[in-house]
Structure formats: C-alpha cells, structure tokens
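In what follows, a single structure is set out as structure tokens and then discussed.
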Amino acid sequence: MLGDPTALSPDRALLTGSPKPGFSCKMVLQAVGRVLRKSKTKPNGKKPASEEKKLYLEPEYTRVRVTDFEFKQLVALPQEIDLNEWLASNITTFFNHINLQYSTISEFCTGETCQTMAACNTQYYWYDERGKKIKCTAPQYIDFVMSSVQKLVTDEDIFPTKYGKEFPSSFESLVKKICRYLFHVLAHIYSAHFKEIAALELHGHLNTLLIHFLLFVREFSLLDPKETAILDDLSEILFSEDSREAAGATGGAQNHVKER
C-alpha cells in the first residue's frame, strides 16, 4: 500500500491543486490508446527500432500548466519563518502531491511493465537499513519510498508540529534524502508513464509539480544537480520562458545505463 497522504498533519497545508479523481480503467485504456496511436509507439510502451522522441518534450505537453503563478516567490523563505519549519511544510506537501500523482497511474506500473526502477538511462536501487543494495521493480521501489517518507514526515521527533519542539540535528540530511527519493518517483513517471498521464490530461499538474519541486530544491540546495540531470532537457524547456538560468545547463546525452 502507498502511504496515505491524508494521514499527514493538518498543519502542513497543500500549496497546489490535486489531480482529477474518478477515472475508470476502461477510460484510461481508451485514452492511452489514442495517445499511443498519435505517438506511433508500441502498445507496451517500449521504443520502436528507431529512437523515439520523448513524448514529454513535445511542445503541446510542455506548455501546459495548471497555474501561471511565479513559483520563485512561492519557494523563497518568508521573513520571520524558521528555515526548518519552511522545509518541513513544503516537503510534506511535495510528498502528498507526488504520492497523489503516482496513484493516478499506479495500476499501469506493475512488476511486469516496470521490472526495474528506471528513469531514462538511469536505474535506481533501494538500500535497506543495513545498507544492502536491493534490485526491485518500480512499484516495489516506489512503495518503499512512500512508506518510508510517510513514516518520517509523521514522526513528531523528526517533523515536529508542536510549538517549541526542536528539529533534530540530522533534519537537513533527512530532507535531502527524501527529496532524492521523491525525484526518482517523478522521473519514473515522466520516463515510463507519461503516455498515461497525457491520456488522463494530467500533464499540466505534473509539469507544475516538477517546476515547483525543482525550484524549491535548488533554492535550498537540497539535491545535487547531477541527481536531476536526467530531466535537464525537460526542465530547461519548462523554465525557458521565464527562468532558463534557474534550470541550469543540460547534461550531454548518454547511452549507457547508470546505477544509483
């Protein structure tokens, strides 16, 4: 089971709208079929013999947002607000929304369709509490992510919500770890399930969520740029209109599979 975002503290307010609920499996399959025919890809989502363009880079999808709000203002630390409290509030929000976004296509992310946790040319591995590297399917990996992150953000000793309670000294490192995991989920959604997202007309929500997330982690240096490089081509396009400089330089194309 994925972590239940409704279990989060009511003090952590949501900053953006939620994806559309209520789609039936039949509706999704019909919509995915239309997108697949349009993009001329194989039904199983794998690339044809000739290299396929990344669907999420197509202009008809990259220009769609759910809001035109200036996110640079939204991510900046407000005056007289404690940094750790600001990080905690936003991290729980991102966890909630990424969890919701994944839930819209989770029935298509199975052990058969996603046998490894991969995004573009990168394969991710889960590390257990003893540091042992575990190769797992994408749904297993994402379940590990959501369960472990929910456990952290609902722990009063780590994410305190009561006035006067201090954040632990390890808080920043834990936040960076959470951000890394959440980015892996976003990258997998774009890489492996964007056809379903587009068929459900949720690409505007996903694009907006990615813009907000990337601006936030860059504002507070929560992720190494090398970690997010696999989506540099997309982020540069998304930020090109008003914040190309914030998107950073795109990395060169790589044909080998990385392991993390």
Side-chain angles (χ1 to χ4, degrees), residues 1-5 32 41-49 51-52 54-56 91 94-155 158 170 173-197 206 209-210 213-214 217 222-235 251-260:
M1 292 291 291
L2 293 177
D4 180 6
V32 170
T41 56
K42 294 182 179 180
N44 61 5
K46 294 185 181 296
K47 292 182 180 181
E51 187 73 7
E52 175 201 354
K54 297 175 180 177
L55 186 63
Y56 56 79
I91 290 304
F94 288 127
F95 164 68
N96 192 13
H97 282 279
I98 293 171
N99 195 353
L100 285 173
Q101 192 80 55
Y102 177 72
S103 71
T104 64
I105 52 83
S106 60
E107 64 184 298
F108 301 100
C109 185
T110 69
E112 293 183 357
T113 62
C114 302
Q115 297 180 13
T116 62
M117 179 58 184
C120 301
N121 61 341
T122 301
Q123 184 170 324
Y124 300 113
Y125 293 86
W126 184 257
Y127 291 83
D128 65 17
E129 295 178 353
R130 294 174 296 178
K132 181 180 179 181
K133 186 168 84 170
I134 303 172
K135 182 179 180 180
C136 49
T137 66
Q140 288 174 328
Y141 184 97
I142 294 173
D143 184 58
F144 288 152
V145 167
M146 297 305 179
S147 297
S148 62
V149 172
Q150 178 166 318
K151 184 178 179 180
L152 289 172
V153 300
T154 56
D155 188 336
I158 300 174
S170 61
S173 64
L174 288 172
V175 166
K176 289 180 178 180
K177 182 178 181 180
I178 291 171
C179 288
R180 187 171 68 254
Y181 285 150
L182 293 181
F183 176 77
H184 294 172
V185 178
L186 283 172
H188 179 74
I189 293 173
Y190 270 107
S191 178
H193 300 290
F194 192 78
K195 293 180 181 67
E196 290 90 347
I197 290 291
L206 185 60
L209 179 56
L210 181 66
F213 180 78
L214 289 179
V217 298
L222 299 175
L223 279 180
D224 187 325
K226 293 179 181 179
E227 187 72 50
T228 60
I230 60 173
L231 289 184
D232 271 354
D233 49 2
L234 174 62
S235 64
Q254 300 181 26
N255 295 322
H256 61 282
V257 174
K258 299 178 184 176
E259 294 184 2
R260 287 182 180 161

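Contact annotation: the side chain of Ile197 approaches that of Gln101 to within less than 4.5 Å [non-hydrogen atoms, C-beta and beyond]. When side chains are defined from C-beta on, Gln123 counts as touching Lys135, because their heavy atoms get closer than 4.5 Å.
Here Ile189 contributes atom CD1 and Tyr102 contributes atom OH; the two are 8.0 Å apart, rounded to the nearest 0.5 Å. Atoms CG and SG, on Leu174 and Cys179 in that order, are 11.0 Å from each other to the nearest 0.5 Å. Remark: Lys54 NZ to Ser191 OG distance equals 7.5 Å, nearest 0.5 Å. The distance from atom OG1 of Thr228 to atom CG of Leu214, rounded to the nearest 0.5 Å, is 6.0 Å. Rounding to the nearest 0.5 Å places SG of Cys109 at 3.5 Å from NE2 of His188. For the atom pair Ile105 CD1 and Lys195 NZ, the distance stands at 12.5 Å (nearest 0.5 Å).
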**OP:** Starting from the C-alpha separation in whole Å, work towards a yes-or-no answer on side-chain contact (heavy atoms from CB on, under 4.5 Å) for Phe95 and Gln150.
**Re:** CA-CA 8 Å; Phe95 164 68; Gln150 178 166 318; 3.6 Å; yes
**OP:** For side-chain contact (heavy atoms from CB on, under 4.5 Å), just list the numbers for Leu206 and Tyr190, CA-CA rounded to whole Å, side-chain angles, deciding distance to a tenth of an Å, and then say yes or no.
**Re:** CA-CA 9 Å; Leu206 185 60; Tyr190 270 107; 3.5 Å; yes
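For the side-chain hydrogen bond (donor to acceptor under 3.5 Å, both in side chains) test, residues two or more places apart in sequence or in another chain that qualify with Thr137 are Gln140. Judged as a side-chain hydrogen bond (donor to acceptor under 3.5 Å, both in side chains), and not counting sequence neighbours, Tyr56 has no contacts. Scanning for ring-ring contact (aromatic ring centres under 6.0 Å, His included) contacts around Phe213 gives Phe94, with sequence neighbours left out. For Thr110, the side-chain hydrogen bond (donor to acceptor under 3.5 Å, both in side chains) test picks out Thr113, with sequence neighbours left out. When the side-chain contact (heavy atoms from CB on, under 4.5 Å) test is applied to Ser173, the partners found at least two apart in sequence or on another chain are Ser170. Every side-chain contact (heavy atoms from CB on, under 4.5 Å) that Lys177 has, sequence neighbours left out, goes to Arg180, Tyr181. Judged as a side-chain hydrogen bond (donor to acceptor under 3.5 Å, both in side chains), and not counting sequence neighbours, Gln115 has no contacts. Here Phe144 pairs with Trp126, Cys136 under the side-chain contact (heavy atoms from CB on, under 4.5 Å) rule; sequence neighbours left out. Applying the side-chain contact (heavy atoms from CB on, under 4.5 Å) rule to Ala118 yields the partners Thr116; only residues at least two apart in sequence or on another chain are considered.
Residues Cys114 and Ala192 share a closest heavy-atom pair of SG-CB, 4.5 Å. In plain terms, the two heavy atoms of Leu231 and Ala187 that are nearest each other are CD1-CA, 3.9 Å. Nearest heavy atom pair, residue Met146 against residue Asn99, reads CE-CA, 3.7 Å. When all heavy atoms of Phe183 and Leu223 are compared, the pair lying nearest together is CB-CD1, 4.1 Å.
A side-chain N or O of His184 and one of Tyr141 form a donor-acceptor pair less than 3.5 Å apart.
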